[in-house]
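Please read the structure below before turning to the comments.
Not measured: the values here are computed from a predicted model.
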Amino acid sequence: AHRILVVAALAGCGAAQAATTLPHLFMVLIDDLGYHNVGFHNPEQVSPNMDAMVAEGVQLEGHYTFQFCSPTRSSFLSGRLPIHVNMEQPSPGSSPGGIDLRMTLVSEVLKKANPPYATHFIGKGHIGAYSSANLPINRGFDSHFGFLGGGEDHLTQKEGDLFDLWRDNAPAYNETGVYSCDLYGSEVVSVVEKHDPATPLFVYLPMHDTHSPYECTAKWMDPRVTQPLRQLMQCMLTCTDNVIGEVATRLKQKGMWDNTLFVWSSDNGGPQYWGANNYPLRGGKGTDFEGGVRTAAFVSGGFLPPSVRGTVLHSMIHVCDWYRTFGVLAGVLPPTGEVVGATAPGVPLTDSLDMWPLLSGTNKTSPRSGFALSQFAIRVGDYKYINGSVHDHESWNGKVCGPDYTNPDCEMGQWTGPEWPTGNCGGGGSPTVCPHVCDATTNCTRNVHCGPGGCLFNVVTDPLEKEDLSTTMPGLLATMQKALVDAVANRFQTTNSNYTYSGCAKSWPENVAAHKGFCAPMCTVATPPTV
């Protein structure tokens, strides 16, 4: 039986040497990539390796994440919806948060397989790093190379005056100064080249591209694209696409590709207020509109049955579902029911569902019928409800936008055109905010704001979210509102603030100085509370 799942760009199979019967699994997350910023959605965007994987795999048109970075990563690794693990952005090293230390990560699940998986974490962290216990090397990963925070300079690995690059148990002091895409690309290729095909492989590859700051090197620049931000987006995409291709090539050379399941997704919708484009979907990063949470995604690899290759799947999948799917394929987790050993007293149970029967064509419908997108939105069946609250990432009414809609946040729910951004905004490598106000010159349609009761959409018949049904379907609106209230009542936010910490630096400046200007955990030991 097939047993492999891989995420975005790394997967391998059947070697000439004694190959494992368990599938090689890759999870690849591309940072802040827009729905329209891939060749399989936009012929003007150049991504030949990704497009080839889609042609030989399954294109996922119902794949959901959180509306921004850290919660999506926390969701995948913990097997929980963001509302049950983390909906905040923890600062690296200096504040508790991320994924509760009592939660079993997917890497730890795969270590229970027979034989255990070789597990590698390469790229962006953003899952909490207040203590050494939070580090990936101490949470089921055999190796870890990447940065702890949520963003930094692609060329220097600095965020302000602070370096952030980590290898296993210590700062990577002598490895900075390389373009991040090349840095992590070289690392993942090295991992695959050194791997023994007889051992099942799990690679988690959360790339830093295409997150701001929009930076790239001349090596990857495409002179055919002239608009500054679109040129930088294509440049970052070209490098990322090359990494995917290099990984696939190495897997095939080692005879691993035929036994690999390759999962690839953006971590959230692209920030259309900078250089990304989610056309034709509404909104982008920082909103619960489809453009913010329904991502470009696919699965590929030789582990997929031939009968499903080259197909498009519209069924509902949440990023947390890869946790159980991987665990089932590895022979560790049951297909249904409680995940034994993946939870602990005081933290919520996992939410992850096994998607392999759907992906392999055995089942025609998804086991998932809905989920809370955030504390502000919920999907149930064909319908989505987004409430009318004003918060950091969505602005809805005249109190915030003003009568003339001059506040830039008003356009978070806009519909951009197929060519976006336009004009000369964003030149010089800076993520300069492009004009938010939509008019005839900016190639977008301005936001339509919901009333105080929120918006209701049928996202199956109206995937662009242009028809608000809240006034015509009051009964369903009330049902959806109650469902969201019930979901929020069970919210769990990781803080780790009730842990007992020891071996801590006296202050953040002292901690940075002790690590020669590098970001590092504040404490060495974290003891969870007794429940």
Side-chain angles (χ1 to χ4, degrees), residues 64-91 95-100 103 126-128 150 267-269 271 282-295 316 318-321 346-352 368-381 383-397 399-400 409 412-413 447 449-457 459 465 468 470 476-498:
Y64 286 84
T65 65
F66 196 72
Q67 57 174 259
F68 53 82
C69 302
S70 180
T72 291
R73 300 155 199 280
S74 301
S75 180
F76 161 66
L77 289 167
S78 73
R80 291 162 173 83
L81 294 168
I83 201 167
H84 292 148
V85 54
N86 171 39
M87 291 192 293
E88 298 178 356
Q89 305 271 50
S91 300
S95 63
I99 306 174
D100 194 290
M103 295 179 178
H126 214 191
I127 56 172
D267 67 334
N268 44 251
R282 181 180 184 179
K285 179 180 181 179
T287 80
D288 284 317
F289 292 119
E290 294 290 271
V293 294
R294 182 155 74 85
T295 61
M316 196 186 310
H318 193 276
V319 70
C320 77
D321 293 327
V347 297
L349 297 175
T350 56
D351 301 297
S352 187
R368 181 166 293 286
S369 59
F371 51 88
L373 287 155
S374 70
Q375 67 270 53
F376 303 104
I378 193 167
R379 170 91 187 264
V380 179
Y383 293 90
K384 181 202 286 187
Y385 168 70
I386 307 178
N387 75 11
S389 298
V390 176
H391 58 96
D392 290 344
H393 295 278
E394 292 168 282
S395 299
W396 287 91
N397 57 39
K399 291 181 180 178
V400 170
D409 285 340
M412 294 286 277
N447 193 9
H449 298 276
C450 297
C455 282
L456 179 66
F457 303 104
V459 293
E465 297 171 297
D468 179 13
S470 60
L476 180 59
L477 175 67
T479 299
M480 298 287 281
Q481 288 172 329
K482 183 179 185 304
L484 180 59
V485 169
D486 291 344
V488 172
N490 294 314
R491 176 181 177 180
F492 178 90
Q493 174 58 49
T494 295
T495 62
N496 293 335
S497 59
N498 55 348

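Between the side chain of Thr295 and the main chain of Asp267, no donor-acceptor pair closer than 3.5 Å is present. Using modelled atom types, one side-chain atom of Asp321 and one backbone atom of His318 make a donor-acceptor pair closer than 3.5 Å. In this structure, Thr494 contributes its side chain and Val85 its backbone to a donor-acceptor pair below 3.5 Å. Remark: side-chain polar atoms of Ser70 are not paired, donor with acceptor, to backbone N or O of Gln89 under 3.5 angstrom. Between the side chain of Arg80 and the main chain of Pro348, a donor-acceptor pair closer than 3.5 Å is present. Not a single donor-acceptor pair under 3.5 Å links the side chain of Thr350 to the backbone N or O of Ser352. In terms of modelled atom types and a separation under 3.5 Å, the side chain of Arg282 and the main chain of Glu465 share a donor-acceptor contact. At distances below 3.5 Å, at least one donor-acceptor pair connects side-chain atoms of Gln481 with backbone N or O atoms of Gly453. Of the possible donor and acceptor atoms, none in the side chain of Arg73 sits under 3.5 Å from a partner among the backbone N and O of Ser75. The backbone N or O of Leu456 sits less than 3.5 Å from a side-chain atom of Asp468, completing a donor-acceptor pair.
Counting only heavy atoms from C-beta outward, the side chains of Arg368 and Tyr64 never approach each other to under 4.5 Å. Inter-residue side-chain proximity for Asn86 and Gln493 is flagged as met; some heavy-atom pair is nearer than 4.5 Å. Using a 4.5 Å cut-off on side-chain heavy atoms (C-beta onward), Asn268 and Gln67 make no contact. Side-chain atoms of Ile83 and Arg491, non-hydrogen and from C-beta on, do get closer than 4.5 Å to each other. Residues Asp486 and Asn490 form no side-chain contact, since every pair of their non-hydrogen atoms from C-beta on lies 4.5 Å or further apart.
Of all non-hydrogen atoms in Ser374 and Phe66, the two that sit nearest each other are CB-CE1, 3.6 Å. Contact detail for Val293 and Thr287: the closest heavy-atom pair is CG1-O, 3.7 Å. Taking every heavy atom of both residues into account, Pro90 and Gly128 meet most closely at CG-N, 3.8 Å. Taking all atoms of both residues into account, the shortest heavy-atom contact from Phe289 to Lys384 is C-NZ, 3.5 Å.
Atoms CE and CG, on Met480 and Asn387 in that order, are 11.5 Å from each other to the nearest 0.5 Å. Rounded to the nearest 0.5 Å, atoms CD1 (Ile386) and SG (Cys455) are 6.5 Å apart. How far CG of Asp100 is from NE2 of His84: 13.5 Å, rounded to the nearest 0.5 Å. The distance from the CG atom of Leu373 to the CG atom of Leu484 is 9.5 Å, given to the nearest 0.5 Å. Leu77 contributes atom CG, which lies 5.5 Å from atom CD1 of Ile127 (distance to the nearest 0.5 angstrom).
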Task: From CA spacing to verdict: side chain to side chain contact (heavy atoms under 4.5 Å, CB included), Lys285, Cys69 - done: CA-CA 9 Å; Lys285 179 180 181 179; Cys69 302; 3.7 Å; yes
Open item on the list: Working note: Asp351 + Phe371, criterion side chain to side chain contact (heavy atoms under 4.5 Å, CB included); need CA distance, chi angles, decisive distance, verdict.
Closed with: CA-CA 9 Å; Asp351 301 297; Phe371 51 88; over 6 Å; no
